[in-house]
Amino acid sequence: MKKAQRHPFAETLITWYADHARDLPWRRTNDPYVIWMSEIILQQTRIAQGLPYFYKLTEAFPSVYDLAAADETTLFRLWQGLGYYSRARNLHKTAKYVVDMLGGKFPDSYTELIKLPGVGPYTAAAIASFAFGEASPVVDGNVYRILARYFGIETDILHSSARKEFTALAQELIPSSDPARFNQAIMEFGSLQCSPAPDCGSCPLRTSCVAHRENRINQLPVKSKSKPQRIRQFQYFIIEQDGKVLVHQRQAKDIWQGLWEFFCVESSSIEEAINSHPFLSPLMAHAVALQAPAIHVLSHQKIISAAWLLQLPAEFSFKIPQDYQWILSSEFEQLGKPVLLLNLITDNIALKEILEG
DNA sequence: AATCCGGGGGT
DNA sequence: ACCCCAGGATT
């Protein structure tokens, strides 16, 4: 009876999912806190990359109360290496809000969930369905790909109208009987079966898939090309004195906001960096060049960096630049740092010994 | 509507 | 080299 009302698309996906679902930790719970944590971690992040962070974070903060009470420095250190660090800030902000304003109880509907910092249309739909059984369709990269191919939709998935169109379609397809299972199934299907380079030969939907029938698998989904990456050059000065290192926390609306780093000048040359920061000039007598790091690639920037180690005698006196501070190397280890700096430290024994004892 | 925000893995 | 990843916030 009710099966006849389901679109065969949903029926096939759910059947496929019964045979192919991976055993993932966030699928073993209905706790909205744990599900929320997993969804924030997995935003634009592969499962294999996010999994260790999910274990670390849920162990460090078993409940929303633990997270709300946490020191943000600790959270950033745990988030180190995962990228998109505003997620960590919004995670903390939301935890405090849920504890302080909602008595520790998560909102239980899409409409309320999407009001939380760091929770957008995808994440709100995911939590609402997985934790509360609401029939809100998730629309992530997998869903765009599957629907575009299966129904032959040529809308540019980066166009602002795309989300509305694909969400409306997914809303028609999602069964009211077990919406959470459908959401899990469609994403798993996109990840394992209808991947960017799919195996159509084994696909249970191939006979009714427009893209397969018309041989347009490689043309769908339509996605406009992104701009070329911006190229930047950072000159790092690791200034050490009396067992302490000069550091600062990045604050500007720029990459790595909230992370810590050594004295940094954005400049195409060492000479220009020194000229623009005259206090450096007398310090350079003590400078030793460190191994030139490879180009650090972000999704939208390429960063070329160079670094100098400046170990200053105890009696050497100079005025430290604004917003910088001295920190013991043992404390520096406890701060969140960009992967570029982690690589720099790893690649230079001298630096490693200073910072790690 | 455009742009920005990381890092890593697959092809 | 290019693409994509359980996207969201800001301008």
Side-chain angles (χ1 to χ4, degrees), chain A residues 21-22 24-27 35-54 76 79-91 93-94 113-130 136-146 156-164 166-167 170 180 182-192 194-199 218 221-230 232 250 252-259 294-303 336-343:
Chain A
R22 289 170 289 185
L24 299 171
W26 44 85
R27 288 179 176 161
I35 290 169
W36 164 70
M37 176 75 82
S38 73
E39 293 300 342
I40 301 299
I41 288 171
L42 293 171
Q43 286 169 3
Q44 289 293 288
T45 304
R46 293 175 184 280
I47 288 172
Q49 186 186 3
L51 204 47
Y53 288 86
F54 173 81
F76 267 77
W79 202 271
Q80 174 178 284
L82 194 54
Y84 287 157
Y85 297 92
S86 67
R87 289 184 292 175
R89 186 175 312 287
N90 286 330
L91 199 74
K93 200 186 290 185
T94 290
L113 285 162
I114 201 171
K115 296 177 182 173
L116 301 174
V119 176
Y122 163 77
T123 305
I127 301 171
S129 65
F130 300 152
S136 48
V138 292
V139 180
D140 72 336
N142 293 307
V143 176
Y144 279 124
R145 186 170 55 251
I146 296 167
D156 182 345
I157 63 173
L158 291 186
H159 193 274
S160 58
S161 66
R163 172 166 293 281
K164 193 173 176 183
F166 282 83
T167 302
F182 173 83
N183 278 341
Q184 293 283 10
I186 194 169
M187 289 193 289
E188 193 79 330
F189 189 80
S191 177
L192 300 179
C194 194
S195 59
D199 175 17
N218 292 326
V222 174
K223 187 176 184 183
S224 52
K225 305 231 178 209
S226 58
K227 297 182 12 174
Q229 292 161 309
R230 178 158 68 122
R232 306 173 70 177
R250 292 183 68 100
K253 290 177 185 173
D254 196 352
I255 56 171
W256 303 328
Q257 187 181 354
L259 300 189
I295 295 176
H296 190 74
V297 180
L298 308 180
S299 56
H300 54 299
Q301 296 185 17
K302 285 184 182 172
I303 300 175
K337 298 164 285 291
V339 167
L340 169 52
L341 285 198
L342 300 179
N343 291 339

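Sequence lines set the chain letters: A, B, ... in the order given, protein chains first and strands last, and positions in each chain run from 1.
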With a 3.5 Å cut-off and just heavy-atom distances, do the side chain of A/Tyr84 and the base of B/dG6 make a donor-acceptor pair? yes
Looking only at side-chain atoms of A/Arg145, point me to the closest of C/dT10, C/dC4, B/dG6. C/dC4
Is there a donor-acceptor pair under 3.5 Å between the side chain of A/Gln43 and the backbone N or O of A/Arg87? no
Closest to the 5' end of DNA chain C, once A/Lys302 and A/Ile114 are matched to their nearest nucleotides, is A/Lys302
dist A/Gln49:CD -> A/Gln44:CD (nearest 0.5 Å) comes out at 11.0 Å
Does the side chain of A/Ser191 get closer than 4.0 angstrom to OP1 or OP2 of C/dC5 through an N or O atom? no
Taking any heavy-atom pair under 4.0 Å as a contact, classify A/Ser195: base, sugar-phosphate, or nothing. nothing
I need the CD-C1' distance between A/Gln257 and C/dT10, as an integer number of Å. 11 Å
Go through C/dC4, B/dG7, C/dC3 for me and flag the one nearest to the A/Arg46 side chain. C/dC4
Would you please confirm or rule out a distance under 4.0 Å between OP1 or OP2 of C/dT11 and any side-chain N or O of A/Lys253? yes
Nearest to the A/Asn90 side chain among C/dA9, B/dG6, C/dC4, which nucleotide is it? C/dA9
So what does A/Asn183 hit on the nucleic acid, given a heavy-atom distance under 4.0 Å: a base, only sugar-phosphate, or nothing? nothing
Residue A/Gln49, side-chain atoms from C-beta onward, closest of C/dG8, C/dC5, B/dG8: B/dG8
Would you say B/dC5 has OP1 or OP2 under 4.0 Å from some side-chain N or O of A/His300? yes
Can you tell me how far C1' of C/dC4 sits from NZ of A/Lys223, to the nearest Å? 6 Å
For A/Gln229 and C/dA1, give me the distance from atom CD to atom P, rounded to whole Å. 11 Å
Looking at the base of B/dG6, is there any donor atom on it, or on the side chain of A/Ser299, that sits under 3.5 Å from an acceptor on the other one? yes
Quick one: does A/Arg87 reach the base of B/dC5 with a side-chain donor-acceptor pair under 3.5 Å? no
Whole-Å distance between C/dC4 C1' and A/Asp140 CG? 12 Å
Report which part of the nucleic acid A/Gly50 touches: base, sugar-phosphate, or nothing (heavy-atom distance under 4.0 Å, all strands). nothing
CD1 of A/Ile41 versus P of C/dA6: gap in Å, rounded? 14 Å
Need to verify one output field. Residue with the more 5' nearest nucleotide on DNA chain C, A/Arg27 or A/Ser226? A/Ser226
Which is more 5' along DNA chain B, the nucleotide nearest A/His296 or the one nearest A/Ala197? Just name the residue. A/His296
CG on A/Leu259 to CZ on A/Arg250, rounded to 0.5 Å: 8.5 Å
Provide, to the nearest angstrom, the distance between the CG atom belonging to A/Asp199 and the C1' atom belonging to B/dT11. 15 Å
Would you say C/dG7 has OP1 or OP2 under 4.0 Å from some side-chain N or O of A/Tyr144? no
Proximal nucleotide (of B/dG6, C/dG7, B/dG8) relative to the A/Val339 side chain: B/dG8
A/Lys225 atom NZ is separated from C/dA1 atom C1', nearest whole Å, by 11 Å
Below the 4.0 Å mark, does B/dA2 have OP1 or OP2 next to a side-chain nitrogen or oxygen of A/Lys227? no
Sugar-phosphate, base or nothing in reach of A/Val119, heavy atoms under 4.0 Å: sugar-phosphate
Kindly say if A/Trp256 contacts the phosphate of B/dG7, meaning a side-chain N or O under 4.0 Å from OP1 or OP2. yes
Does OP1 or OP2 of C/dG7 have a side-chain N or O of A/Gln43 closer than 4.0 Å? no
Looking only at atom types and distance, does a side-chain atom of A/Tyr53 sit under 3.5 Å from a main-chain N or O of A/Gln80, one as donor and one as acceptor? yes
Does any nucleotide pair with B/dG6 by Watson-Crick or G-U wobble geometry, both distances under 3.5 Å, and what is it? none
Any side-chain heavy atom of A/Phe166 sitting closer than 4.5 Å to one from A/Ile157? yes
A/Arg230 CZ to B/dC4 C1': how many Å, rounded? 9 Å
Look at the rings of A/Tyr85 and A/Phe76 and say which category their plane angle falls in: under 30° parallel, 30 to 60° tilted, over 60° perpendicular. parallel
Can you give me the closest heavy-atom contact between A/Ile186 and A/Val143, atom names plus distance? CG2-CG2, 3.8 Å
Decide yes or no, distance alone: a donor-acceptor N/O pair under 3.5 angstrom between the base of B/dG8 and the side-chain of A/Thr45. no
Backbone N/O of A/Gln301 and side chain of A/Arg232: donor-acceptor pair under 3.5 Å: no
Closest to the 5' end of DNA chain B, once A/Ser86 and A/Ser161 are matched to their nearest nucleotides, is A/Ser161
For the P atoms, the ones on B/dT11 and on C/dA6, what distance do you get once it is rounded to whole angstrom? 13 Å
When the P atoms of B/dG8 and C/dG8 are considered, how many whole Å apart are they? 22 Å
Counting heavy atoms from C-beta on, name the nucleotide in C/dA6, C/dC5, C/dG8 closest to the side chain of A/Gln44. C/dC5
